[in-house]
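Input: a single structure, listed below in structure tokens.
Just so we're clear, the structure is a prediction, and the values are computed from it rather than from any experiment.
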Amino acid sequence: MPQSISAARIRENNRRKIIIKNPSICHHCKCKDLQIAETFCPQCGFPQGGSEKEQLRFLVHYRMKKTDIREGKKLVSYARYILFLAALLNFFSFWGADEVIFMVGCITTLIYFGMAIWSLFKPYAAFLTALIFYVALNLFIGIYNPWFILAGIWLKLLIVGTLFYALHSIKDIEQLRKEIAK
Amino acid sequence: MDEQLSITPSCSNCQQQLATAARFCPKCGHQQTLTPLNTNREDLLNFLVVFGALTLFVLFFPANIFGMELIWDLSAFGLVVGLSFHFRKSLNQALRFKNFRFTRLLLYLSLQAVITFLILNILPDLRDIGSSSASIVSRFSEFSYPFAFAFLSIAIAPPITEELAFRGLLFGQLQKLITPASAVVVTGFLFGLLHFRILGFVWLIPSGIFLSWIRWREGHIWYSVACHFLHNATVVYLAYFVR
């Protein structure tokens with residue numbers, strides 16, 4: 001047993017070792033024609049000429065940024081689901097109302113659905129518009145019926161908070177992608 | 001023959017000369033040309049401030065009380081001018097009127113005429129909710145010169161104020177956050193939203209997108225001001241002399 005554990009550990013340690021076979025090709029992004037005098041790769045910033053510690057640190061930070069990007073994308077997906085939920089809730093809240101009010105409800109439902117679909121292509125523009133539309137609509141109805149703002153307040157705060165946080169996440173994702181040069 | 005100066009980029013951190021396509025400095029590893037995240041958040045905040053101010057004004061300043069129409073118009077104009085002065089750097093390009101072409105103005109006015117015709121004839125029920133011809137006439141009936149006041153309040157003031165607000169301020173702020181094509185759609189949507197006539201979205205949003213498209217194409221607001229004026233003036237004229 002101890003032999004297999006140490007073999008696994010040896011394999012793990014070997015996997016973590018950075019072995020640069022060709023100094024003119026970046027170990028990280030495979031960019032060619034690196035000069036010997038260049039410490040850092042000009043395309044990805046990998047410390048090709050640096051110490052093993054610096055190289056490991058770069059790779060760890062790179063993986064952390066990739067994880068942050070994955071987490072950010074999950075949040076964007078949640079915001080999209082929230083928009084679909086807002087559309088459904090909106091539709092059912094107008095169900096059974098008179099013709100004109102029901103038409104208004106259908107239009108707002110379609111807008112929420114449209115924003116959710118648009119977020120697949122242009123997430124920032126879609127979530128920004130959806131957030132503004134949701135807040136403005138609630139304020140507008142709230143002027144005529146102030147109790148409307150308090151009805152389902154926790155769900156409303158969840159929707160607004162998720163959309164707002166998704167906007168920040170999208171910009172963070174863009175920034176992280178630029179930092180890892182992808 | 002003039003010598004062409006070749007400007008070699010250098011690292012913003014250690015001044016090492018860089019290859020043109022280099023994203024990172026090969027000497028110090030500093031990343032080049034990275035827009036700080038704080039600028040994006042600042043742009044978003046500026047946009048929300050502008051839109052928030054306009055929304056609160058529209059929601060809480062009463063416009064339907066008799067005698068308030070011109071005061072409302074003046075207040076709206078004052079608010080928009082105040083915001084424009086604060087954000088004057090981003091508004092510079094939108095207000096410049098370069099390379100006036102009569103044929104282009106005629107083209108846009110023709111397109112607007114088609115849109116106005118469609119709105120007034122094909123969508124009369126939706127258009128009339130909230131601002132029918134009868135309501136325009138009754139709103140200004142107590143004034144000494146009702147047509148003149150209606151023309152000033154509907155055909156002159158709103159095109160200038162609304163175009164400055166939407167195609168000037170909001171479009172300019174949005175361009176910093178999203179692509180120009182998305183900014184055209186979003187500005188059009190917000191134009192429809194701030195009229196607070198949900199059923200009117202059917203014609204308000206496409207009209208808004210059309211005006212924003214002109215702004216994007218031309219780089220300034222003046223052709224869209226002319227188109228907006230044409231539409232509103234037609235509505236007022238029809239209210240008083242035809243219907």
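- The environment of B:F87 atom CZ is dense: over 12 non-hydrogen atoms of other residues, nucleotides or ligands sit within 6.0 angstrom.
- A 4.5 Å side-chain heavy-atom check between B:V58 and A:F140 finds every atom pair outside the cut-off.
- Residues A:K178 and B:Q31 come closest through the heavy atom pair O-NE2, 2.5 Å.
- Expressed to the nearest 0.5 Å, how far CD1 of B:I205 lies from CD1 of A:I111 amounts to 5.0 Å.
- For CZ of B:F77, the number of neighbouring non-hydrogen atoms (other residues, nucleotides, ligands) closer than 6.0 Å is 12 at most.
- A distance of 6.5 Å separates CZ of B:F189 from OG1 of A:T129, quoted to the nearest 0.5 Å.
- Taking 4.5 Å as the limit, every side-chain heavy atom of A:K122 sits out of range of all side-chain heavy atoms of B:I178.
- When every heavy atom of A:Q43 is checked against every heavy atom of B:R23, the shortest pair comes out as O-CD, 3.6 Å.
- Looking at A:I132, both its backbone and its side chain come within 4.5 Å of chain B, counting heavy atoms on both sides.
- For residues 158-167 of chain B, heavy-atom neighbours of chain A at less than 4.5 Å comprise no residues at all.
- Using a 4.5 Å cut-off between heavy atoms, A:L34 does not touch chain B at all.
- Taken from OH in A:Y124 to CG in B:L177, the straight-line distance is 4.5 Å, to the nearest 0.5 Å.
- Proximity to chain B (any heavy atom under 4.5 Å) is restricted, for A:L128, to the side chain, taken from C-beta onward.
- Few gaps surround NZ on A:K30; more than 12 heavy atoms of other groups in view lie less than 6.0 Å from it.
- Once rounded to the nearest 0.5 Å, the distance linking CG of B:L44 with CG of A:L167 reads 6.0 Å.
- Here B:F24 contributes atom CZ and A:C31 contributes atom SG; the two are 11.5 Å apart, rounded to the nearest 0.5 Å.
- For B:L194, no part lies near chain A; criterion is any non-hydrogen pair under 4.5 Å.
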